Amino acid sequence: MLEATGLMVFYENMLALNNVNIRCEENQIVGVFGANSAGKSTLMYTLSGIMEDIKKKEEMAGGERITVVGHIHYKGEDISNLKPSRRAGKGLILCPERRRIFKESSVLENLKIGGYLATPSQARETMDYVFTVFPALMKLKKRVGGFLSGGEQQMLAIGRALMAQPQLLLLDEPLLGLSPLMQAILIRGTKVIRDEKKISILVTEQYARPVLPIVDYAFILENGTAVMEGTRQELLNNPDVRAAYFGV
Ligand code: ATP
């Protein structure tokens, strides 16, 4: 479904991704685990194409030079040079880190905005579906995003991404700063979305443990390099990985 090969991203002279190869097959949940600054968000921005926008903004502001090298194949097509909007139109949708919802807009408005790529009937159906996966959002429909708890904001961020009709959802650190209970709700929702809607999911996290039960395959990112990959069991069998990322 998605295969990135030889990805390198430089922020000026700083190498943020170093020859990263990553795959996500159809209907899989794939984890990318790494500490702070390992390059998780850089990877997600590069895959979704947002990095092209960041790069242009930097150039226009006369700021640092960002260089992206490598290839991204999605559903058999080389999308490395496609604009983020074209990638989104093909179902490659990013749910960015720190839940960038519209804080002044209501839950309903946030979801509607997310549905800009959907037909009216898709938008209606998906909105109903979001409330089925995250029933807590239902009674918060009219509340503005900024007044939601962190967990509710994350549900909304995922809901908004679903409204864009993803076939591959890029979930960047969805659990960051949330309570174990909220993490469990979000993890369950993520699995339900894959199982019921057959949406493939690439999810990054700092700590693997809460996500581990639902991933089919995972990569470990260290200082911009994918140092290890494997099935859940393969990674669990590695004592260093267990200690550093699984807390077991
Ligand atoms: P976190 O868990 O803290 O979000 P991350 O794994 O998502 O970390 P990135 O945000 O991708 O890591 O950052 C990778 C490296 O690139 C870091 O050293 C970071 O400081 C650097 N970096 C990220 N964005 C920029 C930028 N716009 N300009 C310069 N350096 C950057």
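Note that ligands are numbered from 1 as they come in the structure, with each ligand's atoms numbered from 1 the same way. Because the structure is a prediction, the values reported are computed rather than measured.
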*What is the minimum heavy-atom distance between Leu202 and Met44, and which atoms define it?*
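Here Leu202 and Met44 meet closest at O-CE, 3.3 Å.
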*Run through ligand 1 for me and note each protein residue having a heavy atom under 4.0 Å from it, chain first, then residue number.*
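Ligand 1 is contacted, at a heavy-atom distance under 4.0 Å, by Tyr11, Met14, Ala16, Ala35, Asn36, Ser37, Ala38, Gly39, Lys40, Ser41, Thr42, Glu64, Glu97, Glu173.
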*asked:* Just verifying a value: how many Å separate Leu176 CG and Gln206 CD, rounded to the nearest 0.5 Å?
replied: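 Taking CG in Leu176 and CD in Gln206, the distance rounds to 7.0 Å.
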*Remaining members of the apolar cluster that contains Val69, side-chain heavy atoms under 4.5 Å*: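 Reading the cluster by chain and number, Val69 sits alongside Met8, Phe10, Leu15.
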*side-chain contact (heavy atoms from CB on, under 4.5 Å) partners of Gln183, counting only residues at least two apart*: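 Result, side-chain contact (heavy atoms from CB on, under 4.5 Å) vs Gln183: Leu175, Leu178, Pro210.
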*asked:* Looking at Tyr129, I'd like to know if the NZ or CZ of Lys197 sits under 6.0 Å from its six-membered ring centre while staying within 45 degrees of the ring's axis.
replied: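 Verdict for Tyr129: a cation-pi partner in Lys197.
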*Restricting to pairs with a member in residues 124-146, which pass salt bridge (Lys or Arg N to Asp or Glu O under 4.0 Å), not counting sequence neighbours?*
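Found none.
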